[in-house]
Amino acid sequence: MTTPDQLEREHTLQTAVTRYNDLRMREALGEVGLTVDESLQALALGELIIRKAGYGRQLSVRGARSAGASWAQIGAALGMTRQSAWEAHTRWINDQAEQFRTTGVAGFDAEQEAQARDLAGDGA
């Protein structure tokens with residue numbers, strides 16, 4: 001069975017989107033129906049795209065903070081309040097730290113977590 005974790009090793013965000021679009025177009029046009037495997041691959045690709053885009057989003061938030069953007073500016077760029085933007089980023093930092101504690105490889109080690117929290121500030 002195809003999973004997002006398997007596909008992550010095969011695809012960049014761009015190639016995942018391209019394959020996903022190809023499958024969706026075939027399905028939308030109805031010329032040739034998708035097989036069960038292709039339908040499941042489309043689901044897994046959709047999840048992979050969400051994950052990769054979310055990670056990229058948080059890296060962009062870090063870049064904006066490093067460049068001096070306020071949480072109000074970041075929130076506006078994301079179409080949300082400053083508090084919501086800060087909370088989402090803080091959850092991402094928590095997830096990255098937990099991932100490192102679980103795997104010992106991926107995610108943020110203690111030093112990277114501290115740097116990320118320092119950059120994020122208190123949300124003000």
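Here the structure is a predicted model, which means the values were calculated and not measured.
- Between Arg19 and Glu10 there is no salt bridge, since no side-chain N of the basic residue sits under 4.0 Å from a carboxylate O of the acidic one.
- Between Arg101 and Asn94, the closest heavy-atom pair is NH2-O, 4.4 Å.
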Next on the checklist: Run the side chain to side chain contact (heavy atoms under 4.5 Å, CB included) test on Trp71 and Gln83 for me, step by step, so that the C-alpha distance in whole Å, both residues' side-chain angles and the decisive distance to 0.1 Å come before the verdict.
Outcome noted: CA-CA 7 Å; Trp71 281 109; Gln83 184 67 26; over 6 Å; no
Next on the checklist: Checking Glu98 against Arg91 for the salt bridge (charged side-chain N to carboxylate O under 4.0 Å, His left out) test, could you report, in this order, the C-alpha distance in whole Å, the side-chain angles of both residues, the deciding distance, and whether it holds?
Outcome noted: CA-CA 10 Å; Glu98 180 59 29; Arg91 280 191 302 276; over 6 Å; no
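- In this structure, Phe108 and Trp92 have perpendicular ring planes: the angle between them is above 60°, well past the 30° mark.
- Proximity of Arg9 to Gln6: side-chain heavy atoms (C-beta onward) are separated by under 4.5 Å at one or more points.
- Cluster note: Leu40 groups with Val36, Leu43 through ILVMFWY side-chain heavy atoms spaced under 4.5 Å, whether in direct contact or through intervening members.
- Residues Thr12 and Lys52 have side chains not in contact (no heavy-atom distance under 4.5 Å, counting atoms from C-beta outward).
- The shortest non-hydrogen separation linking Leu7 to Ala44 is CD1-CB, 3.5 Å.
- The backbone N or O of His11 lies less than 3.5 Å from no partner atom in the side chain of Thr15, so there is not a single donor-acceptor pair.
- Salt-bridge annotation for Asp5 and Arg51: present, with a side-chain N of the basic residue lying under 4.0 Å from a carboxylate O of the acidic one.
- In this structure, Arg24 is positioned above the aromatic face of Tyr20, its NZ or CZ under 6.0 Å from the six-membered ring centre and within 45° of the axis.
- Nearest heavy atoms, His89 versus Ala120: CD2-CB, 4.0 Å.
- Under the 3.5 Å distance criterion, the side-chain polar atoms of Gln58 are left unmatched by any main-chain donor or acceptor of Tyr55.
- With a 4.5 Å cut-off on side-chain heavy atoms, Arg26 and Glu38 count as touching.
- Under the rule for a ring pair (Phe, Tyr, Trp, His ring centres under 6.0 Å), Phe100 has no partner lying at least two apart in sequence or in another chain.
- Leu23 and Leu45 get closest at one heavy-atom pair: CD1-CD1, 4.0 Å.
- No side-chain heavy atom of Met80 sits less than 4.5 Å from a side-chain heavy atom of Ile74.
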Item to check | Worked check of side chain to side chain contact (heavy atoms under 4.5 Å, CB included) between Thr90 and Arg117 | outcome: CA-CA 8 Å; Thr90 300; Arg117 291 190 190 288; 4.0 Å; yes
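- Judged by distance alone, the side chain of Arg82 and the main-chain N or O of Gly75 form no donor-acceptor pair under 3.5 Å.
- With rounding to the nearest 0.5 Å, the separation of CG in Leu13 from CD1 in Ile50 is 11.5 Å.
- Residues Asp109 and Gln112 are in side-chain contact: their nearest non-hydrogen atoms beyond the backbone lie under 4.5 Å apart.
- With values rounded to the nearest 0.5 angstrom, Ile93 atom CD1 is found 11.0 Å from Gln115 atom CD.
- In the hydrophobic clustering of ILVMFWY residues, with side-chain heavy atoms under 4.5 Å counting as a link, Trp86 and Leu59 come out apart.
- Across every non-hydrogen atom of Gln73 and Gly68, the tightest pair is OE1-O, 4.3 Å.
- Pro4 and Leu48 make their closest contact through O-CD1, 3.9 Å (heavy atoms, listed as atom of the first residue, atom of the second, distance).
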